[in-house]
Amino acid sequence: MEELENPRAALAAEVIADDGTILGKYYQVDRSSSDYNEISKNVINALIATEESRFYDNSGIDAKGTFAIPFYLLIGKKRGSSTITQQLALNLQADALGKKRATNPISRAFQKLQEWIIAIKLERNFTKQEILTLYLNTVSFGDNVYGIENGARTFFSKDAGHLSIEEAAILVGMLKGNTLYNPRRNPQMALSRRNTVIDNMVENEFITPAEAAAAKSKPIVLHYNKIDHNKGLAPYFREVLRDEMKAWCANHKKADGSEYNLYRDGLKIYTTINPRMQLYAEEAVRHHLQTLQKSLFGQNNIKTGSVWKNWQKELNNFMQESDRYQQMKEDGADDAAIAKAFNTPVRMKVFGWNSFTDPDLNDIDTIMTPMDSIKYMRTILQAGFMAMDPESGEVKAWVGGPDFRYFKNDHVAKTRRQVGSTFKPFLYCFAIMNGFSPYTMLPNEPITIDGWSPKNSEGSTGGSITMAGALAKSLNLVAAYLIKQLGPKNFADFVKNKVGFTPKIEPYPSIALGAVDLSLYEMLRAYTMFPARGINTKPIYITRIEDRYGNILETFAPVKREVISEHDSYTMVKMMEGVTGPGGTAARLRFRYNIQGEIGGKTGTTNDNTDGWFIGYTPKLLAGAWVGCENNYIHFSTTAMGQGANTGLPIWAYFMQKVHADPTLKISPNDKFIMPASMANESYEDFNSNVAPGAEAENTGNGSEQDYIDASGYGDDFATPGADKPEEKKPAPKKEEQKENKPATPPQPKAVMPKKEQ
């Protein structure tokens, strides 16, 4: 009872950026608290007329309505029996304890009993006016808006005391289904529901027929203004942080022995997010996706809808997961009625790229069928972007998707996708550690490993190339040669036990090309070892947590460990600079986006152009981008459009342009990687490649473990360079291959390591 009477007592937790600004707050419900005399009589009348006309005549339980339920069930109809007081009891349990309406009949029966007991107690302790007020202060209007005052301010930009008949009817009508009857999302259904509420008010003699006719003749006029967790800077980051803080609260106790409550205890969470970098990152993602989306929408299979030809079962699953479907099921609609509704055009709002600087402009009013809206939203390109200091581990920017209002999945830490050629630097690093050098000449020849035969994107074969050149051009044949020499099992052990990847990485040969599912967060953590001089640093985004009185509850420090030598890390940095140089797969970073300075990086593209990646770093900043659709079968049809250099790289470039132009960030194109004192001044830019010259090499897909026969024995069959290698049984070449490769060449020699020039 004390909590009910003091709803403002709970303090929200604050998320604070590295400059002290508040990024957002955590509250269980964004609830307003109004007094009875602050609520329009139109709201009270609409509520009683629609929800419970006998409200003033019962003691919290409507016996007549309850006993009528079996008879309604016998004739196949649904009937609600909960009084306003019972609904308040359920709302209070949801608010204080997190309980929601149970779907299991047995659980619901016990829950109903609890509601009756609480309802009777409420009736004994509060007046009818107080119960109405408490109820209207706890009801939900969707979008995490609770309470009639918040509802009025959000949808009509006015206080609850000045709501007109039609406005009150809209809000009360939403209580039956705040998604289905949301006037912003489904204006036609909201209008119909509003008019039903107005008719109920006439029937109960709260308004005259003339007043009802005047109200029903008016269109819905919204003045929507909602500031919530969907908006503001870093919404994806704040949602990931929320989950982490919930776990923290569950494992930490207050002085009285109780757990901390994220939504009520006024915690202050200090983070490493830099607001300026975060803004630049969000604009960079939106800027490029807005352009890229036009190309995907123009693609023939997307334009004609043929991309869905073989995915009808998935479409049905998407339909059944929707709020509209769930609400119709709850209302008792049968499958035929639902199917008809999902194929009937209605007015709605959908996401669309109108502006990359103002997300509020990316709401499109349109008319389409709900099924078409599912298809449309599934073809919206997703993205993940994260930037961090590679030495301190501090995360500076985090963008988990195109727009948190419409797409909740975080593609930085919560999504794992195949990483493609962004995984190759780990293979090349392993080779460096095993005696290879950037100058080592490697064969760019066709290779088959137990039925797996990768190809280079541009189809080049023949001759040899330096290892540095092979990395710059992302040649698959060279990567396959390397893993055959080094051994898939040895390499898998290296990336697990040394680099520190926690997901299981099977020792298939195709891991050389990135046939591994990892998150962007995990990839950036691993990449820290290159610019941070061999030190792997776990990204951190919380520096300290304080209670409401300013007492420090916990501080957080970076977790570091040395994984490779400073010599090897600098060697890899110089090799990866070649990726952004002339002929590298990321050459457009220089000639198209004019990004200057020392930059190492790697592009990545997976099979069928499903995923596009770019991870790049300067001496002070490491950042990465992923682009793709939620479903793998929706992708670009050409590598020119779908490769990482065209999808992920431009986001990185737009971000870095803004960062370099902002002197307050102190990140400059003049920053230099520190060469170890033990190393001579070496250059790794002389690739001497047999590959046809061009402004930029093309990246390609990677293959997967399904592309070849079982390779579980490769870890034992192939030793590290220098060890005696057992005889291999090689399949006889096909006639076409013999003809193409004449004169026949002897088995490929091990890599030759030429002497360095003195």
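- A salt bridge does not link Glu522 to Arg525: none of the charged nitrogens lies less than 4.0 Å from a carboxylate oxygen.
- Screening residues 634-659 for salt bridge (charged side-chain N to carboxylate O under 4.0 Å, His left out) gives Glu283-Lys658 as the qualifying pairs, with residues at least two apart or on separate chains.
- Evaluation of the side-chain contact (heavy atoms from CB on, under 4.5 Å) rule for Thr179 yields Asp323 as partners, not counting sequence neighbours.
- Not one N or O on the side chain of Glu630 forms a donor-acceptor pair closer than 3.5 Å with the backbone of Gln382.
- When the side-chain hydrogen bond (donor to acceptor under 3.5 Å, both in side chains) test is applied to Tyr633, the partners found at least two apart in sequence or on another chain are Glu314.
- Shown here are the side-chain hydrogen bond (donor to acceptor under 3.5 Å, both in side chains) partners of Asp568, two or more places apart in sequence or in another chain: Ser565.
- Every residue two or more places apart in sequence or in another chain that forms a side-chain contact (heavy atoms from CB on, under 4.5 Å) with Arg533 is listed here: Glu391, Glu566, Ser569, Ile674.
- In this structure, Leu296 and Cys629 approach most closely via the heavy-atom pair CD2-SG, 3.9 Å.
- Evaluation of the side-chain contact (heavy atoms from CB on, under 4.5 Å) rule for Pro235 yields Arg238, Glu282, Phe404 as partners, not counting sequence neighbours.
- For Asp19, the side-chain hydrogen bond (donor to acceptor under 3.5 Å, both in side chains) test picks out Thr21, with sequence neighbours left out.
- Sequence neighbours left out, the pairs with a member in residues 602-618 that pass salt bridge (charged side-chain N to carboxylate O under 4.0 Å, His left out) are Arg417-Asp611.
- The two atoms that bring Asn609 and Phe636 nearest to each other are ND2-O, 3.4 Å, heavy atoms only.
- In terms of heavy-atom proximity, Val350 sits nearest to Met377 at CB-SD, 4.3 Å.
- Using cut-offs of 30° and 60° on the angle between ring planes, the pair Tyr521 and Trp398 is tilted.
- Using cut-offs of 30° and 60° on the angle between ring planes, the pair Phe614 and Trp652 is perpendicular.
- Within the structure, every pair that satisfies the salt bridge (charged side-chain N to carboxylate O under 4.0 Å, His left out) test and touches residues 503-512, not counting sequence neighbours, is listed here: Lys504-Glu506.
- Legend: residues meeting side-chain hydrogen bond (donor to acceptor under 3.5 Å, both in side chains) with Tyr406, ordered by chain and number and at least two apart, are Asp363.
- Every residue two or more places apart in sequence or in another chain that forms a ring-ring contact (aromatic ring centres under 6.0 Å, His included) with Phe385 is listed here: Phe655.
- Every residue two or more places apart in sequence or in another chain that forms a ring-ring contact (aromatic ring centres under 6.0 Å, His included) with Phe356 is listed here: His287.
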